Amino acid sequence: MWEKVLAVIFQLLLIKVSEAGDIFKIGLSELDSLVNSDQYSSLESILSSSGSLAVTNLPSDYAQAVRNIKRSAPACLEQLKYPQFYLPDGSQRRTFASASDEPEEYPDCIREDSETIAKHLDTVDVLMSRLITSIAGQENLVWKTQEDQSMRNFSTTLYKEHIHVYQPLEGQNDENVYAAPFHTDNGLLLMITPFQEHPLQIKNKMGELVETGELGDDTLLVLVASGLSQWLLKGTKSSSKFFPVPHAVPSLINNISPRTVFARMKVVPMDAFPTNIEAQKMKKRNLFEHFFNGVKNSASEVCPITKPAYQLALEKSWSTLKTTECSHSEAYCWMNCLELPTTCPQSPVQCINKDAKPCCTDTITEDCENMDQSCRWECKASNHTTDDKFCNGQGTDMYMQGFTASGDAKDACVILLFKSWILDTRAKFGFGCVGVILLGIAIEGLLCLRRELQSRKILLWIRGVARRVSIVLLFALNIGSGYLAMLVAMTYSVELFICMVIGLVMGHAIFNTEAAVGESVDPCCASQAIGHTNDAKQKNAENT
């Protein structure tokens with residue numbers, strides 16, 4: 001009886017909150033009670049219409065830890081030189097990242113508070129997993145991985161954790177641009193601590209803004225991510241019961257303190273795929289990796305939100321950045337995680353190419369240089385010259401702009417065949433040129449040896465199968481060395497290309513000037529013509 005009364009009262013409160021435009025709030029003990037009693041119809045309505053709720057009245061140690069981490073994290077992450085990224089509004093963001101399958105130790109300066117917050121996130125995670133399982137049906141939330149075929153469910157997912165510190169830059173903020181534009185996370189469920197001075201902006205299914213600024217430090221925001229309805233539950237009737245929440249971080253203004261949040265996103269391994277009845281009807285496995293990286297049909301979105309083109313591009317790059325965070329000494333620049341400069345640990349950095357033009361990063365997606373190996377991180381206010389360097393330190397196995405001469409400190413360094421062979425000094429480059437010349441000579445030498453062996457002019461004591469095997473092995477060496485020569489030429493390094501030609505010419509002069517001319521000019525096959533007539537005569541003589 002009392003449970004029914006409670007459910008009715010709860011439904012009335014729900015309607016009132018929805019009309020007020022505030023995020024729906026529920027105490028931790030109330031959430032536990034409703035989940036345990038299976039009285040979750042009101043919560044089901046909330047998750048379907050707004051996809052978000054605020055769990056309040058968490059224990060006092062959680063609230064104190066949230067306050068402490070707001071106060072300590074900015075200086076902590078800056079002191080430890082965690083990478084900082086420019087955001088569209090001109091502010092910066094530093095990030096500590098960890099994952100349940102590859103955990104990172106929390107920084108010592110915020111470890112105790114981080115562990116306290118994580119402990120209470122575990123509690124809410126368990127309750128929300130049970131709630132979502134009850135609403136969606138356990139049979140619809142099952143998944144496997146390609147590596148491990150054992151059946152798993154929503155409660156056995158992984159998670160990624162981030163501690164973000166947003167720092168405004170004086171005089172550089174544009175309050176008309178979002179620090180992080182409206183987007184939906186590609187995970188399954190997002191939990192994030194509140195920040196009253198600069199609250200997260202949320203939109204419900206009607207496209208209306210939902211207020212989160214009144215939430216206290218004893219609160220945890222819970223947001224439905226797009227992976228739940230559009231990947232795990234795709235095709236099932238339960239997919240419509242969960243609305244993926246668009247959320248954004250507004251532009252930071254100069255007169256507020258740094259914005260610090262602790263976030264956890266539930267995910268699954270990249271090779272995971274749903275195994276519910278609807279997923280089994282599909283001919284192809286719907287891997288989470290494809291969905292997470294944005295390879296999905298935009299028409300399947302529950303509620304598409306019209307946004308300008310630049311915001312769509314920013315959202316795509318934002319999700320790519322969230323897919324994998326670079327190490328603490330690197331940051332995303334052009335297509336790679338590149339090393340951050342150590343000469344300006346306290347100063348902003350920028351990703352630019354050799355002509356000082358901005359390169360594409362996680363936040364710069366328009367009017368930027370792409371497919372340019374000269375892109376690198378550089379101190380923004382630095383007058384440091386790189387004239388004494390042979391190259392910029394970043395390796396490339398092919399210059400994308402055509403033949404390029406080496407020695408420019410702003411260009412990428414050549415990778416010679418193997419990823420560890422980066423010719424980043426003049427000495428290494430010199431040794432590389434000598435090695436390429438020797439490779440060319442060796443190619444011609446192998447051709448000569450193979451021709452002489454096949455013509456039975458040398459090593460006459462090798463007969464029968466052994467001789468045939470030797471000839472085949474020499475042919476394999478010719479093919480392999482020829483392709484190595486081709487890869488050297490494809491670096492588009494002027495010096496290495498010239499050295500390759502010099503080596504082949506020198507080898508030809510030493511070994512093959514008197515050989516019959518073959519039809520091919522490939523390094524693997526040139527100078528291989530065999531005097532077939534003489535071979536036949538010699539073979540007939542041996543047989544008689």
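Since this is a predicted model, take the numbers as computed values, not measurements.
Under the 2.5 Å SG-SG cutoff, Cys76 and Cys109 qualify as a close cysteine pair.
Defined by atom type and a distance below 3.5 Å, a donor-acceptor pair is missing between the side-chain atoms of Ser470 and Arg468. Using a 3.5 Å distance cut-off with no hydrogens or angles, the side chains of His162 and Thr95 do not pair a donor with an acceptor.
You'll find the side chain of Gln230 reaches within 4.5 Å of the side chain of Pro244, heavy atoms only. Contact check for Ile163 versus Ser114: side-chain heavy atoms found under the 4.5 Å cut-off. For the pair Ser406 and Ser493, the minimum side-chain heavy-atom distance is below 4.5 Å.
The heavy-atom pair separating Ile110 from Ser72 by the smallest distance is CG2-CB, 3.9 Å. Closest approach of Ala405 and Val494 over heavy atoms only: N-CG2, 3.9 Å. The shortest non-hydrogen separation linking Cys499 to Ile437 is O-CG1, 3.5 Å. Between Val268 and Thr157 the shortest heavy-atom distance is CG1-CG2, 3.7 Å. Nearest heavy atom pair, residue Leu439 against residue Ser481, reads CD1-CB, 4.3 Å. Of all heavy-atom pairs between Met500 and Ile443, the closest is CE-CD1, 4.4 Å.
The side-chain tip of Arg94 does not point at the ring of Tyr82 from less than 6.0 angstrom away and within 45° of straight on. Taking the ring axis of Tyr106 as reference, the NZ or CZ atom of Arg111 does not stay both within 45° of it and closer than 6.0 Å to the ring centre.
Judged by distance alone, with hydrogens and angles left aside, the side-chain atoms of Ser100 form a donor-acceptor pair with the main-chain N or O of Tyr159 at under 3.5 Å. Remark: side-chain polar atoms of Thr156 are not paired, donor with acceptor, to backbone N or O of Arg152 under 3.5 angstrom. No donor-acceptor pair closer than 3.5 Å links the side chain of Arg285 to the backbone N or O of Phe273. Here the side chain of Ser226 pairs a donor or acceptor atom with the backbone of Asp185 at under 3.5 angstrom. The backbone N or O of Ala272 sits nowhere less than 3.5 Å from a side-chain atom of Thr145 that would complete a donor-acceptor pair. Distance alone, capped at 3.5 Å, is enough to place a donor-acceptor pair between the Asp148 side chain and the Ser150 backbone.
With rounding to the nearest 0.5 angstrom, the SG atom of Cys433 is 9.0 Å from the CD1 atom of Ile502. The distance from atom CG of Leu228 to atom CG of Leu189, rounded to the nearest 0.5 Å, is 7.5 Å. Separating the CG atom in Leu416 from the CG atom in Asp397 is a distance of 11.0 Å, to the nearest 0.5 Å. Atoms CE and CZ, on Met191 and Arg264 in that order, are 5.0 Å from each other to the nearest 0.5 Å.
Within 6.0 Å of CE on Met282 lie more than 12 heavy atoms contributed by other residues, nucleotides or ligands. Within a 6.0 Å radius of CD in Gln146, other residues, nucleotides and ligands contribute more than 12 heavy atoms. Heavy atoms of other residues, nucleotides or ligands lying less than 6.0 angstrom from CZ of Phe403 number more than 12.
Taking the centre of each ring, Tyr492 and Phe497 stay at or above the 6.0 Å mark. Annotation: Trp231 is in aromatic contact with Phe288 [ring centroid separation under 6.0 Å].
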Practice prompt. Take Lys428 and Asp424, measure what salt bridge (Lys or Arg N to Asp or Glu O under 4.0 Å) needs, and give me the verdict at the end.
Written response: CA-CA 7 Å; Lys428 290 182 181 179; Asp424 53 2; 3.1 Å; yes

